[in-house]
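Shown next, in structure tokens, is the structure this report addresses.
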There are 2 protein chains.
Amino acid sequence: MTPIDKLIVHFRKSITLTDDEAEIVGGCFNIVELKKKEILLFVGDHSSHMRFISEGCLRSYYMDREAKEHIIQFGIEDWWINDLYSYLTNTPSKQFVQAIEESIVLQIHKEKLNELYNTVPAIERFFRLKFEKAYVSLQERTINSMSKTAEEGYIEFRSKYRNIEQRVPQYMVASYLGITPEFLSKLRKNTTQ
Amino acid sequence: MTPIDKLIVHFRKSITLTDDEAEIVGGCFNIVELKKKEILLFVGDHSSHMRFISEGCLRSYYMDREAKEHIIQFGIEDWWINDLYSYLTNTPSKQFVQAIEESIVLQIHKEKLNELYNTVPAIERFFRLKFEKAYVSLQERTINSMSKTAEEGYIEFRSKYRNIEQRVPQYMVASYLGITPEFLSKLRKNTTQ
DNA sequence: GAAAAATCTTAATCTAGGTTAAGAACGATT
DNA sequence: AATCGTTCTTAACCTAGATTAAGATTTTTC
């Protein structure tokens with residue numbers, strides 16, 4: 001199955017596309033191949049694409065004033081990854097998007113996507129639903145970080161993203177949880193076994 | 001200007017509606033009047049409406065296991081307020097939505113809104129844009145709470161929501177910022193003057 | 001307008017998680 | 001298989017913000 005085929009299958013999980021529409025849609029995306037550690041989006045760039053992960057594993061993260069990295073999101077096959085904030089507000093990105101493993105990403109330019117909203121209305125529905133889901137999972141994260149202890153957050157992360165936990169280094173999990181690697185290590189001593 | 005007129009003006013700030021469409025849209029919303037402290041949405045309810053604040057000030061919040069309140073969002077005239085999570089996932093609400101002042105809210109049932117998406121497509125666009133913005137501001141909050149100290153968060157809150165800060169009690173600001181009222185009080189001694 | 005309720009402040013003490021530093025374990029590369 | 005990178009762990013000490021408790025101030029209610 002080609003990366004484009006995967007994308008169409010992905011779309012068809014939540015919307016209906018005729019074969020003609022699928023062809024149009026598929027033709028709007030470009031393929032990007034990334035080596036491990038390669039950066040797809042730099043801080044300061046305008047994030048003007050929506051990006052679908054066809055293969056591999058990536059992360060988006062920003063650096064605070066003390067140059068510490070904070071991971072916003074991990075993404076694996078069949079997920080979307082981006083600095084949505086930059087994309088939606090047309091401002092320079094404050095995040096990096098980087099491949100953690102060798103990866104294949106499909107991306108569509110914002111202008112092209114806005115045209116697609118008109119030519120293939122189901123795509124507008126897809127992205128409305130997508131932004132709804134993005135909102136939901138971001139809210140879950142926000143509430144967690146407001147009311148859960150680091151240990152509770154870690155336990156939840158493990159049960160929710162066991163597949164990701166096994167693919168990324170521990171210090172990235174710590175960064176995602178908003179704690180130091182040292183403290184995560186301490187937690188694991190109590191939690192594991 | 002009636003509450004419905006305000007709503008139409010609000011829609012027309014980001015999308016185009018013919019007068020006929022405006023009439024259809026306006027007819028889909030119900031008016032709810034709330035007294036101070038009255039609760040519009042209870043934990044456990046299904047949040048099956050989108051809610052537009054025509055007048056007043058409300059908050060959405062949840063209670064953690066220790067019965068402490070955490071404010072997710074404030075809302076004033078011309079904003080939308082809801083437990084979006086419950087609305088979007090069709091799960092029982094984990095949040096309360098409560099009037100902080102006497103308020104007027106316009107709400108539309110989810111089923112009716114889904115019909116509207118078909119009869120007045122501009123409305124689907126409006127809500128796609130709305131969810132994008134909701135995502136953006138939630139992400140701003142999440143990043144803030146991950147990387148800013150309480151003091152920095154407070155300073156940002158003041159400059160961004162000065163109008164809200166003046167309408168709600170301080171302990172609610174503390175709850176929104178994720179700190180105790182006592183600590184906010186301490187911060188204010190350093191910050192204010 | 002007095003009493004009750006709600007909100008805000010101060011101060012002493014406590015704790016979850018951070019910082020620093022050092023070494024151990026694991027992987028890549030030669 | 002030795003070297004250099006990267007990742008993980010341990011332990012001593014530190015700090016932002018929580019907790020507890022009490023009183024002060026403001027707002028609401030009768």
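Naming: A, B, ... by sequence-line order, numbering from 1 per chain.
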E152(A) CD to dG17(C) C1', straight-line distance once rounded to whole Å: 14 Å
Between E132(B) and R128(B), does any side-chain N to carboxylate O distance fall below 4.0 Å? yes
Here the distance between atom P of dG17(C) and atom NZ of K189(A), to the nearest Å, is 16 Å
Quick one: do I4(A) and V32(A) end up in the same hydrophobic cluster if we chain Ile, Leu, Val, Met, Phe, Trp and Tyr together by side-chain heavy atoms under 4.5 Å apart? no
Nearest whole angstrom, please: distance from the P of dA16(C) to the CG of L187(A). 11 Å
Between K37(B) and L184(B), the residue closer to the 5' end of DNA chain C by nearest nucleotide is K37(B)
Tell me whether the NZ or CZ atom of R51(A) lies within the 45° cone about the ring axis of Y87(A) and under 6.0 Å from its centre. no
note: I100(B), atom CD1; dT7(C), atom P; distance rounded to Å ~ 10 Å
Go ahead and name the base partner of dA12(C); Watson-Crick or wobble counts if both distances stay under 3.5 Å, otherwise write none. dT19(D)
Side chains of D83(B) and S93(B): donor-acceptor distance under 3.5 Å anywhere? yes
When you measure from the side chain of Q98(B) to the backbone of K37(B), do you find a donor-acceptor pair of N or O atoms at a distance under 3.5 Å? yes
Chain A on DNA chain D: first and last contacting nucleotide, 5' to 3', under 4.0 Å to a heavy atom? dT7(D) to dT10(D)
On DNA chain D, does the nearest nucleotide to E182(B) precede the nearest nucleotide to K36(B) from the 5' side, or the other way round? Give the residue. E182(B)
Find the distance L177(A):CG to dG18(C):C1' and express it as a whole number of Å. 15 Å
Taking the chi torsion of dG5(D), is it syn (within 90° of 0) or anti (everything else)? syn
Check whether the side chains of Y154(A) and E165(A) place a donor and an acceptor atom closer than 3.5 Å, and report yes or no. yes
In terms of the angle between their ring planes, are H49(A) and H109(A) parallel, tilted or perpendicular, with boundaries placed at 30° and 60°? perpendicular
Looking at D5(B) and R12(B), is there a salt bridge between them, counting it only when a charged N and a carboxylate O are closer than 4.0 Å? no
Per ring pair (Phe, Tyr, Trp, His ring centres under 6.0 Å), F52(A) is matched among W80(A), F29(A), F127(A) by W80(A)
Within the pair K68(A) and dT19(C), is there a side-chain N or O less than 4.0 Å away from OP1 or OP2? yes
Could you tell me the separation between the CD1 atom of I179(A) and the P atom of dT15(C), rounded to a whole number of Å? 20 Å
Looking at the side chain of F183(A), which of dG17(C), dT9(C), dT19(C) is the nearest nucleotide? dG17(C)
Just to be sure I understand the geometry, which residues of residues 139-151 of chain B put a non-hydrogen atom under 4.0 Å away from DNA chain C? none
Among residues 162-172 of chain B, which ones have heavy-atom contacts with DNA chain C below 4.0 Å? P169(B), Q170(B), Y171(B)
How are the rings of Y61(B) and F96(B) set relative to one another: parallel (under 30°), tilted (30 to 60°) or perpendicular (over 60°)? parallel
Expected output: side-chain R141(B) to main-chain I72(B) donor-acceptor under 3.5 Å: yes
Checking the side chain of N144(B) only, and the main-chain atoms of K148(B) only, is there a donor and an acceptor separated by less than 3.5 Å? no
